Amino acid sequence: MAGMSPLFRRKAAPHERLVTLIRKPGCHLCDDAQLVIEKVCGDLGVPVEQKDITQDQALHDQYWEQIPVVLIDGEQHTFWRVNEERLRRALTD
């Protein structure tokens, strides 16, 4: 569905989405991002996964200067700070 024209793409329900938080241990911005993500995703029923850049060299190489990074359905949504309203809109629009 990702390559399909937006005109023909079905809007995914929130529970069909996936939010990924890419983080590392001891990162206060990551902890802040996690709180916002848990609130929004909990409200909407969106599944959440976390990935640790210290355990994945490819993620480390790609994102080490940007963590925390938030992906929605595998696409980068934001980094450093997570805005609750923006995340909620992205998951429901």
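On a predicted model such as this, the values are computed, not experimentally measured, just so you know. In this chain, residues are counted from 1 in sequence order.
- The minimum heavy-atom distance linking E84 with V40 is given by the pair CG-CG2, 3.4 Å.
- Here the CZ atom belonging to R17 is positioned 9.0 Å from the OG1 atom belonging to T92, to the nearest 0.5 angstrom.
- For the atom pair CD1 of I22 and CD of Q62, the computed distance is 7.0 Å after rounding to the nearest 0.5 Å.
- Taken from CD1 in I37 to CG in L21, the straight-line distance is 4.5 Å, to the nearest 0.5 Å.
- Scanning both residues, F79 and V69, for their nearest heavy atoms gives CB-CG2, 4.0 Å.
- The closest side-chain heavy-atom distance from R88 to D43 is below 4.5 Å.
- By the 4.5 Å heavy-atom criterion applied to side chains, D32 and V82 are not counted as neighbours.
- Distance CG/D93 to CZ/R86: 11.5 Å, rounded to 0.5 Å.
- Side chains of D52 and R23 form no contact here, defined as non-hydrogen atoms less than 4.5 Å apart.
- Rounding to the nearest 0.5 Å gives a distance of 12.0 Å between CD of E75 and CG of L18.
- For the pair L91/C41, a side-chain contact is recorded, criterion being any heavy-atom separation below 4.5 Å from C-beta on.
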>> I'd like to know whether L87 forms a side chain to side chain contact (heavy atoms under 4.5 Å, CB included) with I72, so could you lay out the CA-CA distance, the side-chain angles of the two residues, the decisive distance to 0.1 Å, and finally the verdict.
In response: CA-CA 9 Å; L87 179 59; I72 298 176; 3.9 Å; yes
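- Taking OG1 from T20 and CD from Q50, the interatomic distance works out to 10.0 Å, rounded to the nearest 0.5 Å.
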>> Please evaluate residues R81 and V36 with respect to the criterion side chain to side chain contact (heavy atoms under 4.5 Å, CB included), reporting the C-alpha separation (whole Å), side-chain torsions for both, the decisive distance (0.1 Å), and the verdict.
In response: CA-CA 10 Å; R81 302 235 181 243; V36 174; over 6 Å; no
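- With contacts defined as side-chain heavy-atom distances shorter than 4.5 Å, the pair D56/H60 does not qualify.
- Scanning both residues, L71 and Y63, for their nearest heavy atoms gives CD2-OH, 3.7 Å.
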